[in-house]
Each structure stands twice: as C-alpha cells, then as structure tokens.
Amino acid sequence: MNTTYDPKAIERKWQERWHLSGIYEVDLGHAKSPYYNLMMFPYPSAEGLHVGNVYAFTGADIHGRYKAMRGMDVFEPMGFDAFGIHSENFAIKRGIHPKTLIADNVRHFREQLTRLGGRFAWSHAVETTDPEYYRWTQWIFLQFFKAGLAQRRKAPVNWCPSCKTVLANEQVISGRCERCDSEVVQRELEQWFFDITRYADRLLDNLDDLDWSDVIKIAQRNWIGRSDGAELRFPLAKDRAKTIPVFTTRPDTVFGATFLVLAPEHPLVAELVTAETEVEVKAYVHEAAERSQEERIGGQDKTGVFTGGFAVNPFSGKEIPIYIADYVLYGYGTGAIMAVPGHDARDFDFATKYGLPIVRVVAGPGDDQGTLTEAYDEPGTAMGSGPFNGLPTSEAKEAAIRLAEERGIGHRHRTYHLRNWLISRQRYWGPPIPVVYCDRCGIVGVPEEELPIMLPDVQDFVPKGTGESPLAAIPSFVETTCPSCHGPARRETDVSDNFLDSAWYFLRYPSSGDGDHAFDPELTRKWLPVDSYIGGKEHAVLHLLYTRFVCMALHDLGYLDFEEPFKRFRAHGVIVRGGTKMSKSRGNVVNPDEFFDRYGADTLRSYLMFMGPYEEGGDFSDQGIEGIYRFLNRVYHLVRKNVGHSGVDVSNDALRLRHQTIRRVTEDIEGLKYNTALAALMEYLNGLQREPAVALEDLRTLVLLLAPFAPHLTEELWQALGQAYSVHKATWPSYDAAILVAKTVTVVVQVDGKLRDRLQLPAGLDEAAVREAALQSDVVRRFLPDGAELRFVHVPDRLLSIATR
RNA sequence: GCCGAAGUGGCGGAAUGGCAGACGCGCCGCACUCAAAAUGCGGUGGGCAAUCCCCGUGUGGGUUCGAGUCCCACCUUCGGCACCA
C-alpha cells in the first residue's frame, strides 16, 4: 500500500472490484429483509451529471449503505428518464436525432454514476425510451382507457407556441412554459386526459397518514385545493326556466350578490347579448381569447363588460345584471360566479370600477354594520340576509345550503383546484398513445399483444406548429386497420406526457427485463411499496402527485395491492454557491468531474453532506472542501500508522468517546443529519489522535462509521486492517448505554440566571450535596447578597440554578 | 395577497427550555524547513491589560429560576401558490 492517500487509484480499484464481485446486486426472489431504497432517476442531459444529482444520490446512497450494514437486503436501482420535450428540443437545436443523443448521454451518466461510488444494482437499470419499457407505459394507458380513466375531450388548454405543444397546468409557471419560458396561450383543443380529479379526495386524505416531508404534503394539499361550498342556480330574468349555476364558498352572503360574472368563454354568453351590447361583448370575448395567460393574470386591474342580460337572485328575488370578465376562469367551478362585492376583494374592485352596488350582509366585530370601504371577508354575523340574520358566518353557510336544497335552487358542492391530467403531447419524442380512430368503431384501443407501438425512426421530427404531432406526417405510421372491424383506420399521432414515463419506473425496476408483465406480481408484493424515497422538492406536485394517482388507479384496477407507492419520502435541500443558485449564466455551476479528479468521489460525497443539514441544502465553497479532504487524509494516515498495534489498553475516556460516537453517528444518519454525523467522526478522529496508540477496535469503528460516506477509502482501510471483504457487508457497530455514563460531570451553577461557576463533581449527587458544593464556591458566594432568601432549581448532573429574588 | 421555511462569529454551520458558537473553512502565532508548500501544535464572537467583569443568537414585548429554543407583534430573506370565487 502506498504511503500517501491516492483517491484516484483507490477509487478505480474498488469500483472495479465491486462490479466484478457484484456486491450491490440483490437476489430479489430470495432476499430475507427486502429494503427498497429509491432515488429520483435522472434525465440524462448533454451537460452530464449535475452536482445537484450528486447531492441527491449521495444522500440516498448513504441511507442505503447504512441500511445494508444494519442487515437489510438493500435494492438500490438506477435508471434514465430520457423521453420528453427537454431532450427533443435539445436534439432539434443540435440537429441530432434524440435517439443518438440520449444513447451518448446515458453512457456518460453511467460513467459518472460509477465514479460517484453509488451502490447501484445496475443489472436492473431501466431506460424509459427502451421499447421494452414504453411498451408497458402504453399498457398502463390502455388499462386506464379501458377503465374510462383516460378520455379524449375538448377543453381549453395551455399551448406553448415555442414548443408547439400543449402543457399540463403544472408545466405552466406564472403563465410561462416551464421548459422554454415562452408565454403560454389558451387554445380550445381536443386532448387526452387522465381523470385524476376523481381521486382528489383520496389523494388529499391519504396524505395525513404518509411519512413524507411536510413541505411536500403541504404543497400537494395546496395544489389539490379542495374547497367546500355550494352550487347555486340563478334563473335568467327573461326566461326563469333557464339558470346559471355558480359555485361559491360563501353561500351565506348570497343576499349580497349584486351581479353575476361569467368567464368570457362561457357558452351562455351568446344567448345573453342584446343588440346594444353585441359588438362590445364580441370584441371583449375575442380580446380575452387572444390575451396570453400571463397578461390575464398579470394585470390585476379588472376588466369586463355588461352582457345585456339579467338574472334573478333566487334568495332576494332582485334582478341583477350579468357581466363577463376574465378574472373569472372558465376552467374552475362552473365558470360563473355570484359577485358579492361587500365580502370579496375581487368583486369589490370590479364593482367599484363599474359602479355596481355594494351591499353589506355580514356585520364585523362589535356588530359593526358600517359602510364598507373595502371588502370584509372575515367571519361575522349575517345581516340584511332575511332568514339568516343574526347567525354567525359558519351557521349561516349551513342554513343557506339547507334552504337552497329545500327550495331546489342549489345544493352542497365541493370543488378542487386540481384539474385533470392532460397527457397528450403533439411531439415526437415520447411513447405513441396506443389507440386508433376508425370511422365505424370510433376510438379503439390497440390490442395489448400489438404493443409496443414503436416510435418510427424518422429524420424529420421537428414539430410543425399545426397542432399535430410530427408523427401525423408519416403515412406509414398513421395508416392502419381497425383492430375491431379490420377496416381502414388512423393511428393516434400524439405521444404521452413525459411524466407518465416516470410515474411507474420504480414498479419496473424489480421486474426489469420481464417480457410478460409490466411488473411481476410476486416481486412487487415482496419489494413494494418503496421503503425510502429521497428526491427534490421541485417534484412536489408533478411527479409525486401523478405517481400516487397512477398507483391508486392500478390498485383499483386490481394490479397492485397497495395504493400509496412510497412509505417514506424525504425532500433534500438545494445546493447553492456563494449564496446564489447555480446557473450557467452566472457561471457558478460545479462540475462534479473536476472534483472527482482533484479530490476523489469520497471527498466530494463527504463534503456535500458536510455543508449543512441534508434536508436544507448548503453553500458550496471551493475552500471548504479542503477541510474534508484533510479529514480523509488524516483518517487514512491514522489507520495506516496504527495497523500493527492491536492490543492497546483503552482508557475509560477513549472507550466512552467510541461509544458516544457510535451513538451520535447512528442517530444522525437515521435523521438525515449527515453534517453532524461527520462532525462527530471528526471529533472522534481528533480524540484518537491525542492517544499515543490506537486500539484496533477504534480503527474498525472509525472505518465502519465512515463507510457510508467514503465507501472507497473505507474499503481500502478495511482491507489494510485485515478484515474480510467487504466493509459494506460488515455489521454496523452498536454502543453500550452503560459506557456512555460519565463518572465525573460538570455541574453548572447559575445565580439569577447567569452562569457563575462550573463544578467538577462525581455523577449522581443529590441536590443537597450539589448545593453544598456550590455554596462553597468563592465565585458563587460573591454573587449571593447577604441574607438573601435563596431558591434552588436542580437538574441532576447538569445544573444548579440559584435565585436570590 | 395566501401558505411554508429561515434569520446565530469574517464564512458554512452546532446546540432534548439548562455551559451559545460543536465541527469545518479562513485568519493569527509557533514547530518542522536554507526557504516555501504540505503536515503538526496552540489561539480565534465583541469590549478589556486581564484567567475579573460587561455585552452578545433580526427588532420590540412576554412567559420562566433560566429563552437561540416557547408565546405575541413586527422587520428581512428564501421557497411554493396566486384573480381558484
């Protein structure tokens, strides 16, 4: 063995040995203590592994290595999420076929992931672009289609003019395309949807029992956005048989509804216009359609026009005007609202601008019935509301719903912000949606035995912006026969959303290579749900919600016996550099290869974990990494120097330090506090270095505890210590609580809350003895006024607090 | 606007209501060296000659023998949602 720590040589050597001996592969069928350790598979970008990936994977890998040393059969698979607009746009820009591009990128990623030293079960790797994978993505679509969960319908959708495809709501970030930042416009198109809203209540209610990071649960609750209220029907003044349904969470304020507002897209608009208003209304509707979503949202100044029609407030009996305004969204609720300007800020703004009446129907605190200068949206007491007068808001709501139901003019209703999942994309790089259109039979699912519907290998995959996928231009793909009547038919040319690929990849890992099932029932029962899933917060409402939905649906269809895919999910933090986000434009991106070369993977892994609490992220400093590098060097040299000295007597202090360290590192790893686990190991090392010689047991302990963080170095040292291959199969050390107890303790003495003295005392003294010792201290006595009445608070073995007043 | 998280040395960050600043970076000093680097040892919140003492965890109040930690109000930063009725 060399005398200097040479991470490059050590790491290459052990990576090869691990690979050849297959120590990270698991016999999935026979494992006794299965533990599924999952991390979010990467999108293989051309830039290579990002340091954010390294951070995410290292944290998850440490967890996996720890569990393996605790005796679990840890399955830690890795794969590649290689379909999607991102790859496709990049391929178009470079003029390279995405297939070629992805193959190169995957190769590079595999190399980097190997250098990282993860305990990956490579034999189970999956790639979503592999026909043997997307065949089953299509199969899932078919199951949903057969169950009526996948439906084609016309709906206002988000259209990205630059990517030339529709986007799901989740892919629109404040009116802009998540991928290319272009302004998103609304288009009315026929698209494929998964009816995730049918699962809204279960998706929401199950969250209570999930062991997931709170941030994610909160984000999902907000996103699902359940609100309870009522749907009330407002008859038209000119034809009372016709009604306009509105959704409200404040049925108690219905007496204050002084006008109605419809979304410009509302189908009733055409019926309401009069000869006088027609021109203006048409112009407004047209304008609203042209406006990008960002413009509609961005300008908080409300606009709208009077339709010319009137409705009747079914509670007050008054006739009220009907407006259209684009602050009312067609896609939510009924696309129409009853406007209560007295108690809703938006309606107040609108009423003020257009001179509409503002009526107070809720009295504020202290029976405040004064004129409103702004909307009062707090709870209060109903007033000016006929039968509800005097009722507090919550009771008035119930009374209003009851009355509406009795009189047949409305009913209790619940609605959600969550929209159905738009899964079709007018693009090339994705799994073709497996249906055909037949003039005679309509929409027909492709028979399962015909899967996969292969993505044709073509040169021209650039979207045309016609609203159709590039596949539509390939007659050999489009023209087919109907599976049902065998007549001529056309294939669906849209591909499915990238998020469908990643919504089930963890189901595939154990069954990778299985040609008969998407996921083998027996393996699935044994290994799922996933024991630990670690990933980024950015997928809180995308990947993590879709995945839950897909599992729930597959459960209901009888394919899974659980409905929640991940028993435990933890969101890791984000790495910044110099306090700011890393980005290419700032030029502060950390390239992992550079650090692998200069310090080795063990140093990079450990440093990333040392920067801060794993769930909070940290600030990457090029100087800071030196400290960890020095630490690993010192470990290396300490072990080498002491390899021979096995029979050293250990002092009580040294023994206690060993056991304390085991406890601290164990607890910190369990709680993902990797930064303090490493700090404990540094303290341990500092302690050992002060000893003249170090016992073998301490060297073993140090190496074992460090193994999850620095897998290569510790493997090397484990061998140097003459221990059996591999340290990663060795047993995690345990500590003896009895040894942790110190014989002498420092008892702190406070006088009136201020620290005055520290006493070295034998452990376990009672209060009287500690008092006596404290009162003998000169320092303490100096602060005790003569003749003062003293009160004592005693915390055994820790503190004595003396109060003099 | 709403929801969430966080404000601690020069920096990253530690602290079951009980010794604030563990651990590391940086810096200062010393040793080794002809010298430097590397390494090792010591020091390092502010005030002060001081191992005395005083001050100190965003701001202002409060609870407590005792508050970085709990409660109330506010300020700032970051993240998410955002005309969702």
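Basis for what follows: all heavy atoms, side chains included, without hydrogens, waters or symmetry-related copies. Letters go in sequence order (proteins before strands), and every chain restarts at 1.
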Q: If you assign A:R419 and A:N675 each to the RNA chain B nucleotide with the nearest heavy atom, which residue ends up on the more 5' nucleotide?
A: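 The residue mapped nearer the 5' terminus is A:N675.
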Q: Sticking with atom P, work out how far B:rG62 lies from B:rA14, rounded to a whole angstrom.
A: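 That atom pair is separated by 31 Å.
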Q: Side chains of A:Q689 and A:R634 only: does a donor on one sit below 3.5 Å from an acceptor on the other?
A: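 Yes, A:R634 and A:Q689 have a side-chain donor paired with an acceptor closer than 3.5 Å.
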Q: Side chain of A:M682 only, heavy atoms from C-beta on: which candidate in B:rG24, B:rU39, B:rA85 is closest?
A: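 Closest of the options to the side chain of A:M682: B:rG24.
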Q: What does A:S227 touch in the nucleic acid at a heavy-atom separation under 4.0 angstrom: a base, only the sugar-phosphate, or nothing?
A: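 Sugar-phosphate only.
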Q: When the C1' atoms of B:rC23 and B:rU8 are considered, how many whole Å apart are they?
A: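 The answer is 15 Å between these two C1' atoms.
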Q: Would you tell me whether A:D347 and A:Y327 have side-chain atoms, one donor and one acceptor, within less than 3.5 Å of each other?
A: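 Yes, side-chain donor-acceptor contact under 3.5 Å.
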Q: Both distances below 3.5 Å, Watson-Crick or wobble geometry, any strand: find the nucleotide opposite B:rC53.
A: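 Answer to the pairing question: B:rG47, which forms a Watson-Crick or G-U pair with B:rC53.
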Q: Taking any heavy-atom pair under 4.0 Å as a contact, classify A:L799: base, sugar-phosphate, or nothing.
A: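 Base, at least one base heavy atom under 4.0 Å.
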Q: Which of the following nucleotides, B:rG4, B:rA85, B:rC23, is nearest to the side chain of A:F610?
A: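 Per side-chain heavy atoms of A:F610, the pick is B:rC23.
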Q: Pick the C1' atom in B:rU57 and in B:rC70, then give their distance to the nearest Å.
A: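 It works out to 16 Å between them.
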Q: Could you give the distance separating B:rG26 and B:rA20 at their P atoms, to the nearest angstrom?
A: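 One P to the other, the span is 28 Å.
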Q: Between B:rA22, B:rG26, B:rG13, which nucleotide gets closest to the side-chain atoms of A:P613?
A: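 Selected nucleotide: B:rG13.
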Q: Taking the side chain of A:I218 as its heavy atoms from C-beta onward, which of B:rA15, B:rG4, B:rC19 lies nearest to it?
A: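 So the nucleotide nearest the side chain must be B:rG4.
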Q: Go through B:rU16, B:rC23, B:rC25 for me and flag the one nearest to the A:R798 side chain.
A: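 For A:R798, the side-chain atoms sit closest to B:rU16.
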Q: Does B:rC2 have a Watson-Crick or wobble mate here (both distances under 3.5 Å), and if so which one?
A: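 By the stated definition (distances under 3.5 Å), B:rG80 pairs with B:rC2.
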Q: Would you mind telling me which of B:rG18, B:rC81, B:rC53 lies closest to the side-chain atoms of A:R782?
A: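 Of B:rG18, B:rC81, B:rC53, B:rC53 is nearest to the side chain of A:R782.
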Q: Taking any heavy-atom pair under 4.0 Å as a contact, classify A:K537: base, sugar-phosphate, or nothing.
A: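 The answer is nothing, as A:K537 stays clear of every strand by at least 4.0 Å.
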Q: Taking only the P atom of each, what is the distance from B:rG21 to B:rC27 in whole angstrom?
A: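 Rounded to whole Å, the distance is 23 Å.
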Q: Which part of the nucleic acid does A:N686 contact within heavy-atom distance under 4.0 Å: base, sugar-phosphate only, or nothing?
A: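 The answer is sugar-phosphate, as A:N686 gets under 4.0 Å only of primed atoms, P, OP1 or OP2.
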Q: What nucleotide, of B:rC53, B:rC19, B:rU39, holds the atom closest to the side chain of A:R758?
A: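 Of the options given, the side chain of A:R758 lies nearest B:rC19.
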Q: Any strand is fair game: report the nucleotide pairing with B:rG42 by Watson-Crick or G-U wobble, both distances under 3.5 Å, or none.
A: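 By the stated definition (distances under 3.5 Å), B:rC28 pairs with B:rG42.
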Q: Considering heavy-atom distances to RNA chain B, does A:A336 or A:S801 have its closest nucleotide positioned more toward the 5' end?
A: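 The residue mapped nearer the 5' terminus is A:S801.
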Q: So, is B:rG9 syn or anti if syn means the angle is within 90° of 0?
A: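 B:rG9: syn.
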Q: Is any side-chain N or O of A:R791 under 3.5 Å from a base N or O of B:rC65, one able to act as donor and the other as acceptor?
A: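 A donor-acceptor contact between them is absent.
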Q: Tell me which nucleotide among B:rC23, B:rC25, B:rA15 gets nearest to the side chain of A:T676.
A: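 Out of B:rC23, B:rC25, B:rA15, the nucleotide with an atom closest to A:T676's side chain is B:rA15.
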Q: Can you check the distance between B:rG24 and B:rG17, where both ends of the measurement are the P atom (answer in whole Å)?
A: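 So the two P atoms sit 26 Å from each other.
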Q: Considering just the side-chain nitrogens and oxygens of A:Y327, establish if one lies under 4.0 Å of OP1 or OP2 belonging to B:rA85.
A: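 It does not, given that no N or O in the side chain of A:Y327 lies less than 4.0 Å from OP1 or OP2 of B:rA85.
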Q: Name the closest nucleotide to the A:R756 side chain, picking from B:rC19, B:rG79, B:rC53.
A: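 Within the option list, the nearest is B:rC53.
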Q: I'd like the P distance from B:rG4 over to B:rG68, given in whole Å.
A: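 That atom pair is separated by 25 Å.
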Q: With a 4.0 Å cut-off on heavy atoms, is A:T248 in touch with a base, just the backbone sugar-phosphate, or nothing at all?
A: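 Sugar-phosphate contact only - A:T248 comes under 4.0 Å of backbone atoms but never of a base.
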Q: Parallel, tilted or perpendicular for A:F569 and A:W212, by the 30°/60° rule?
A: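 Tilted, since the angle between the ring planes falls between 30° and 60°.
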Q: Report the relative orientation of the aromatic rings in A:Y323 and A:F350; use parallel for angles under 30°, tilted for 30 to 60°, perpendicular for over 60°.
A: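 The arrangement is perpendicular - the two ring planes meet at more than 60°.
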Q: Pairing check on B:rG17: which nucleotide meets the Watson-Crick or G-U wobble criteria with it, both distances under 3.5 Å?
A: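 Pairing partner, where one exists within any strand: none, as none qualifies.
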Q: Do the side chain of A:Q750 and the base of B:rG18 come within less than 3.5 angstrom through a donor-acceptor pair of N or O atoms?
A: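 Yes, a donor-acceptor pair under 3.5 Å.
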Q: With a cut-off of less than 4.0 Å, is there a side-chain N or O of A:K302 near OP1 or OP2 of B:rA85?
A: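 No.
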Q: In whole angstrom, what separates A:L260's CG from B:rA85's C1'?
A: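 From A:L260 CG to B:rA85 C1': 12 Å.
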Q: Determine which nucleotide pairs with B:rG60, using a 3.5 Å limit on both distances of a Watson-Crick or G-U wobble pair.
A: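 Base-paired to B:rC72.
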Q: Does any nucleotide pair with B:rG12 by Watson-Crick or G-U wobble geometry, both distances under 3.5 Å, and what is it?
A: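 Pairing partner, where one exists within any strand: B:rC23.
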Q: When rounded to the nearest Å, what value does the distance between P atoms of B:rG56 and B:rG47 take?
A: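 Comparing P positions in B:rG56 and B:rG47 gives a spacing of 15 Å.
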Q: Counting any heavy atom closer than 4.0 Å, what does A:R634 reach on the DNA or RNA strands: base, sugar-phosphate only, or nothing?
A: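 Sugar-phosphate, backbone atoms only, no base.
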Q: At their closest point, which heavy atom of A:A680 faces which heavy atom of A:V665, and how far apart are they?
A: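 So the two residues come closest at CB-CG2, 4.1 Å.
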Q: Take the angle between the ring planes of A:Y5 and A:Y636 and call it parallel below 30°, perpendicular above 60°, tilted in between.
A: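 The rings of A:Y5 and A:Y636 sit tilted, inter-plane angle from 30° to 60°.
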Q: Classify A:R221 by what it touches in the nucleic acid, base, sugar-phosphate, or nothing, heavy-atom distance under 4.0 Å.
A: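 Here A:R221 touches no strand at all.
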Q: Mind checking whether A:F255 and A:F315 have parallel, tilted or perpendicular rings, split at 30° and 60°?
A: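 A:F255 and A:F315: perpendicular rings.
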Q: Would you mind telling me which of B:rA20, B:rC65, B:rA85 lies closest to the side-chain atoms of A:F247?
A: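 Taking heavy atoms from C-beta onward, the closest nucleotide is B:rA85.
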Q: For a quick test of reading the model, state the closest non-hydrogen atom pair linking A:I625 to A:L604 and the distance between them.
A: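 In terms of heavy atoms, the two residues are closest at CD1-CD1, 4.2 Å.
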Q: Let me know the distance between OH of A:Y599 and P of B:rC25, rounded to the nearest Å.
A: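 In whole Å, B:rC25 P and A:Y599 OH are 12 Å from each other.
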Q: For B:rC34, give its Watson-Crick or G-U wobble partner with both distances under 3.5 Å, or none.
A: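 Paired with no nucleotide.
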